[in-house]
Every structure is written in C-alpha cells, then in structure tokens.
Number of protein chains: 2
Amino acid sequence: MLKLSRLADYAVVILVNLGEQDGVVTSPALAAETGVPEPTVAKILKVLSSNKLVLSQRGAKGGYRLARSLADISVASVITAVDGKIALTACVDGGECDAGVSCGMCGSWDTINKAIRDTLEGISLEVMRQNSACGAGMMKKNALMSATTRREGA
Amino acid sequence: MLKLSRLADYAVVILVNLGEQDGVVTSPALAAETGVPEPTVAKILKVLSSNKLVLSQRGAKGGYRLARSLADISVASVITAVDGKIALTACVDGGECDAGVSCGMCGSWDTINKAIRDTLEGISLEVMRQNSACGAGMMKKNALMSATTRREGA
DNA sequence: CTGAAACAGGACCTAACTGGTCTCCAATCA
DNA sequence: TGATTGGAGACCAGTTAGGTCCTGTTTCAG
C-alpha cells in the first residue's frame, strides 16, 4: 500500500502545531494539543531535534520550538528525519541489496525514488497547514476526541 | 522508510521476466527464473491475473503470459494490483480516518499522493527493464544465487 | 476415460517490524 | 539543592505482511 509510517505522520502534525505557537513548548503540552500520546510525542521530538528541525531547551522552563519557519521545512525533510531515507524499495540508490531477488531492477527504482523525493521536497509544512481540509480547529478537536476515545477504549 | 511491499517488487520482476519470454510460462518456471519461492510466485500471478495484467491458461500445458506489452504496463498499475490503492498515509483521498489523530492534515496529503501516483503512472515496465543497472543476466544470476543461499540457510 | 499438470481461491501460520511505554541520566532554573 | 524538562536507550506487544499449504477446477495426453 506504499504507506508512510505513522510516526512521520505524527511528526508533521506536531510540527505544524508547534509552528502555530510561539515560545518554547513542552512535549506534554504538544501531546495535549495533538492528542498523540505523550511518550510518543517526546520520542518524535527527540528525533526531530537531533535532525535540527526543532530546537530544544533543556531544564526547567525548557521545551521545543521550530528551528525554521514552516515554509522552510519540506515534507521530505520530516519524513527523512523520522523514517530515514526516502526510497520505495529495499534497494536504496546505489546501495547493495541483501536479498538479491528484488535486486533485478536495482537501477530502475532510482528514477522513481528521485521523482518521489523531488515531489516531497517541493511541499512545505506551510502548504500542508493551509491545504488542510479540516483546519487547525478541526485538527485540535479531532485530536482531543481521539485521545478521549482511546482512553475510554483501553 | 516509505517502503514498497516486497510483493509488489516481486511482481515487477516477474512481469519483466514474463515479458522477455514468449508463449505461456508456468509459475514454477517463473519461480526458477526469478528465484522467488514458487508459492509466492503463484500467489502474485493469481493477483495479477485477476487484475488483468496477465492472461492465464488453465489445465495441462497451461501457464501465464502478459496481457499487454511491457511498454503498456505502468509501475503504478502493478503496485495498485498487488498492494491496493497508492497512498502515502492512512487517510486515503476523501476517505475517513479511523484514528482521528493523523487526520489533521486530511486534505493535504492528497496533493502528495496524486503527485506520486502520476510519477508511477508515467513509468512503464519496459523502462524499468531497460534502465536496469544489472541487466537481465545479472538479475537471473542474483536470483539463483539467493535461491541457493536461502535453501542452505533454512 | 482416466490421470497428470497447472491454475483458482482460500485458510492459516509465522515472523518481523512498528508503535508505544518505561526507566534512568543530564541539564537548567528557581 | 531540588524540581522540571529534555536525552538516550531498552523493552514489550500488537499488527501486518510474507509465506505455505490445501482443496477444487480445468485442460490436455495417453
């Protein structure tokens, strides 16, 4: 199904949310905002921090803030940070295939991978935020709703 | 990592291999050619058959052959046949999100999904075959090699 | 007419991977 | 000095994809 990892999806939501606030924000606060479970938010933020997409401030009164504006963060960079290199198959560009079987087409996928990467590079989080069908309010509402549901369900 | 399912990868290899032969080919034969385990090849061919990408002939002396030329089969159609609709996230175009959390960006991903789909539509298996860095011989060699390794490993 | 060969369509099991949680450590500020 | 917050990694569990097998149906050969 060619699916994206859920973490990457969360990361986008979290970053957009972070971009709509000013000052440093703690991970619990972001978790409350987005409805994503706190430990997961923390984990994602750590990764984003090590990839320089967000800046962290440790200690009391610490938290996170965007390293650049939403317009300067591409979807590709978020996915790359969370999921690693963007590639459609096990044969990463020029890399060796352990399996061998799927390797018959080694070079061929490179074209596809590059095309997809270019596509994702061209879309910024700012665009994502604006194109959102539901809007920020809806996002928050949905998030809280799901958080409640999850808690009740468990 | 935005990865493609291995089945889809196999499917491409199998189809290209099928396209290089004439007459009907049995699934055991294709398995031997590609190095993909026979039951898996059979499974994939069944799916491809039901999606009209290959034509099947039952009974003794039966087998499979391409429904159209490699040039007329897009990578997108193969992936769609094997993995279902091509979409980057759980939110399929216009569909409803069960989770809610990842749904904040519902509409935004559509643009991305469409772009990726277009990219994959534009690449035919014939192109894949020609661009193959290793070439058909290498493919076969690798396949057999891995088949041997697998057998010994198990 | 009978048996073998090959596809059709499932059910089912296993294993890998992802997602999610928890714990301990380091840093910062009141 | 202690409370707060991020940093790093181990670890557990649920899901899902990959792979195998079984049974039936069709067709050809002898």
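A quick note: this is a predicted structure, and the numbers were derived from the prediction, not measured. Letters A, B, ... are given to chains in the order of the sequence lines, protein chains preceding strands, and every chain is numbered from 1.
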Thr119(B) (side chain) donor-acceptor with Ala115(B) (main chain) under 3.5 angstrom: yes
CZ/Arg58(B) to OG/Ser49(B) distance, rounded to the nearest 0.5 angstrom? 10.0 Å
Nearest-Å distance for atom pair CZ/C1', residues Arg6(B) and dT14(C): 14 Å
Which whole-number value in Å describes the distance from Ile14(A) CD1 to dG19(C) P? 12 Å
Separation of dA6(C) P from Arg65(B) CZ (nearest whole Å): 17 Å
Is it true that a side-chain atom of Ser77(B) and a backbone atom of Ile73(B) form a donor plus acceptor pair closer than 3.5 Å? no
Mind grabbing the angle between the end helix axes of the helix from dC1(C)-dG30(D) to dA30(C)-dT1(D)? Five pairs an end, 10° rounding. 10°
Distance only, no hydrogens: is a donor on one side chain within 3.5 Å (strictly under) of an acceptor on the other, for Asp83(A) and Ser5(A)? yes
Grab the CG-P distance between Leu48(B) and dC7(C) for me, whole Å please. 13 Å
Under 4.0 Å between a side-chain N or O of Tyr10(A) and OP1 or OP2 of dG20(C)? yes
Treat each ILVMFWY residue as a node, draw an edge where side-chain heavy atoms are under 4.5 Å apart, and state whether Val75(B) and Leu70(B) are in one component. yes
Please confirm whether the backbone N or O of Val36(B) pairs with a side-chain atom of Thr40(B), one donor and one acceptor, at under 3.5 Å? no
Rounded interatomic separation in angstrom, taking CG from Asn51(B) and P from dA8(C): 12 Å
I'd like to know whether Gln21(A) forms a side-chain contact (heavy atoms from CB on, under 4.5 Å) with Arg65(A), so could you lay out the CA-CA distance, the side-chain angles of the two residues, the decisive distance to 0.1 Å, and finally the verdict. CA-CA 9 Å; Gln21(A) 307 192 34; Arg65(A) 60 191 170 90; over 6 Å; no
Applying side-chain contact (heavy atoms from CB on, under 4.5 Å), run through Val25(A) and Tyr64(A) and close with a yes or a no. CA-CA 5 Å; Val25(A) 185; Tyr64(A) 295 94; 5.7 Å; no
Just the rounded figure in Å: distance from C1' of dT18(C) to CG of Asp9(A). 14 Å
Quick one: what's the B/S/- string for nucleotides 5-13 of chain D, heavy-atom cutoff under 4.0 Å, read 5' to 3'? BBSB-----
Ile86(B) backbone acceptor or donor facing Arg117(B) side chain under 3.5 Å: yes
Whole-Å distance separating the CD1 atom of Ile44(B) from the C1' atom of dG9(C): 16 Å
